[in-house]
**Student:** 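Let me give you the structure first, and then I'll get to my questions.
Just so we're on the same page: letters track the sequence lines, and every chain starts at 1. Quick caveat: nothing in here was measured; it's all calculated off a predicted structure.
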2 protein chains.
Amino acid sequence: MAVTIRDVARASGVHISTVSRTFSAPHLVNPNTRSRVLAHAEELGYRPNRAARALITGRTYNIGLIVADIANPFFPPLIKAAESQARKHDHHIFVADTNEDAALEEEVVRALAKQVDGVLLVSPRMSNTLIERLSREVPLVVVNRQIAGIPAVVMDVARGARTAVEHLTALGHRHLALLGGPRGSWTSREIRRSAAATARAAGAELTIIGPNAPTEFGGLTVAQDVLRAGATAVLAYNDLMAIGLIEGLMAAGAGVPADVSVVGIDDIMLSRLTRPKLTTVATPTAAAGRAAVDMLLAHGDDRRTTAHIHLQTELVIRDSTGRGPGPHSPADPGDVNAPEGVAS
Amino acid sequence: MAVTIRDVARASGVHISTVSRTFSAPHLVNPNTRSRVLAHAEELGYRPNRAARALITGRTYNIGLIVADIANPFFPPLIKAAESQARKHDHHIFVADTNEDAALEEEVVRALAKQVDGVLLVSPRMSNTLIERLSREVPLVVVNRQIAGIPAVVMDVARGARTAVEHLTALGHRHLALLGGPRGSWTSREIRRSAAATARAAGAELTIIGPNAPTEFGGLTVAQDVLRAGATAVLAYNDLMAIGLIEGLMAAGAGVPADVSVVGIDDIMLSRLTRPKLTTVATPTAAAGRAAVDMLLAHGDDRRTTAHIHLQTELVIRDSTGRGPGPHSPADPGDVNAPEGVAS
DNA sequence: ATGAAAGCGCTAACAC
DNA sequence: GTGTTAGCGCTTTCAT
């Protein structure tokens, strides 16, 4: 076994509790003793065993972070930001990937519960009821889900969807399609609700297609459905689906944006690199990761206050959207010929 | 605090050691007692505290996984595979991102050492010496680095680089450029060594450009250097750099592959989606993640056996490479006009 | 097959 | 300011 507090105590000629205090309450120990202990600790390569410490204090200095699919480019920037923010507060992050499986989410939260100070549930697929139950077993912060009594960081995708639909109707599109996300996704429901309301207000038709897998393949496979429905513009649940859809449309001989306009959501790095460059609703993923960590650490023991943080989204207009068959509004916020623009 | 072994013991009317045995050595306890204990445990929602267990057994059932940059699309599939493989063995994964910072790598390994059974060091940037030293403090498995005495999983990028260079010279390119990776990268050195030897054997000139940041931006910024050097074909350290380079070349008015051919390494998802589709050396990242976990768990305590696992790479020919100015070899393995081909 | 007791590495009262 | 003691939740001898 490695070097323990006892070794340091022996080397320094003090009791182990003094060594303990040197690390966990330095102000309680005589400066001379402290520096002596520190010196010996350094020399022996001593590091307090966090697990042992946690057994008493109840604080592990670990955070669990659960995502549906690490390989989905939406998540890594969020994970990275969370990890970096956690490290600032001397915490480590356990990352778990649940393969878009709601049942696995529960299992993983339970498995992690004892060795973390709290869990970040990002875009969970499980039910509200279950989340509420789990939040009684371990402090939870949810990202992209609103539940009364559960601290949350949510991106305002409803507003994003509205802006996107308005962009499309302003371009003269009268028949839109919405590619829904996976079952259990709160974000997907929000988008749907908002897109439907906005389309109705603009007098445009909206065909809902889905639920779909939130992947490139999920988008690719519904290209035919979009064409069959006769939609000239599509809002997809996320960029990956949008990119897959564009591939599928082009393979079917439809031009983007000549025949069909496509808007994604997320603004993953990829969306600037595919051709045509994707018009999309940018979501502040890194900010969400940081905010979620801050919330979890702030809440700590105080489980009463339950804030919900709302993060803004914004439409980034690129090359995958263009004029529709109908008259386009003179109030069109996006100049389609400009190389890149942002409308919020 | 949550429900402990004591609560279960009380409810079942047995001593805590019997409850302990029920979970850690079931065969030592009477079947009747066992099922009674299990029933009460289930009812109370008892879960053994792994940290407490680890204090005695020395096994945490946790694995550390350290990568340079989670946001680099090369890593997520590896992390995902490792996480999934770890879960099969009832282990959890701590993921840490070191921001391409060699010093931070050391710090993170030390911080994690006590709470994991071992650490997976993926594409480390630190020195061999340091890795050797750390491996005495905690079991280590290194991915993409060869060090005597340290268990490793390496992808055969040397062979991949050779195949890529041969592909380019066969197409008639006489002046190649190599975009080097970050300082401290073993992979980068391997690629360089192999590309240089292969180019020399083919009588082609090779200009080395770098080290560079292993990002899209890293590639974008050296487009001018490539053109100035007069190279007509480029092998980049990874796909991200290759894609950035293509952007930079096109912005400078050079056609790809018309004027310059570009080959990447990794075959990240992105490389099929950009235009032109990227010719690249595919690396088996998921397999590497699984193998690394298996190695770590197999080695366990037995630190003597030190296997090195080699994983093959293969050239995937897409649309970013084409004929060079020189005579192209009749033995050209890749038919440039075919939509997609694999040459190993 | 089960209980008793010691102890993993550490912190947290409580004395002095 | 420092030592003493008890104990976090659990496993592991050693008895019985």
**Student:** Could you give the CZ-to-P distance, from A:R10 to C:dG9, as a whole number of Å?
**Tutor:** 11 Å
**Student:** For A:L55 and D:dC8, give me the distance from atom CG to atom P, rounded to whole Å.
**Tutor:** 9 Å
**Student:** State which residues pass salt bridge (charged side-chain N to carboxylate O under 4.0 Å, His left out) with B:R125; sequence neighbours excluded, sorted by chain then number.
**Tutor:** B:E100
**Student:** Can you sort out the partners of A:R53 under salt bridge (charged side-chain N to carboxylate O under 4.0 Å, His left out), two or more places apart, ordered by chain and number?
**Tutor:** none
**Student:** Using the C1' atoms of five pairs at each end, what's the angle between the two axes of the helix from C:dA1-D:dT16 to C:dC16-D:dG1, to 10 degrees?
**Tutor:** 40°
**Student:** If I take atom CG in residue B:L28 and atom P in nucleotide C:dG3, what distance separates them, rounded to the nearest angstrom?
**Tutor:** 14 Å
**Student:** Can a side-chain donor-acceptor contact be found between A:N128 and A:R145 if the only test is distance below 3.5 angstrom?
**Tutor:** yes
**Student:** With sequence neighbours left out, which residue pairs that include part of residues 88-137 of chain A fulfil the ring-ring contact (aromatic ring centres under 6.0 Å, His included) condition?
**Tutor:** A:Y61-A:H91, A:F94-B:F94
**Student:** Report the residues that fulfil ring pair (Phe, Tyr, Trp, His ring centres under 6.0 Å) with A:H40, sequence neighbours left out, ordered by chain and then residue number.
**Tutor:** none
**Student:** My understanding is that only residues two or more places apart in sequence, or in another chain, count here; which of them pass ring pair (Phe, Tyr, Trp, His ring centres under 6.0 Å) with A:F23?
**Tutor:** A:Y46
**Student:** A:K80: what forms a side chain to side chain donor-acceptor pair (under 3.5 Å) with it, not counting sequence neighbours?
**Tutor:** B:D69, B:D97, B:N99
**Student:** According to side chain to side chain contact (heavy atoms under 4.5 Å, CB included), who are the partners of B:L130, at least two apart in sequence or on a separate chain?
**Tutor:** B:E106, B:M126, B:S127, B:R133, B:L134
**Student:** Can you check each nucleotide of nucleotides 10-15 of chain D against protein heavy atoms at under 4.0 Å and return B for base, S for sugar-phosphate only, - for none, in 5' to 3' order?
**Tutor:** BBBB--
**Student:** Distance check needed: C:dT2 P versus B:H27 NE2, whole Å only.
**Tutor:** 13 Å
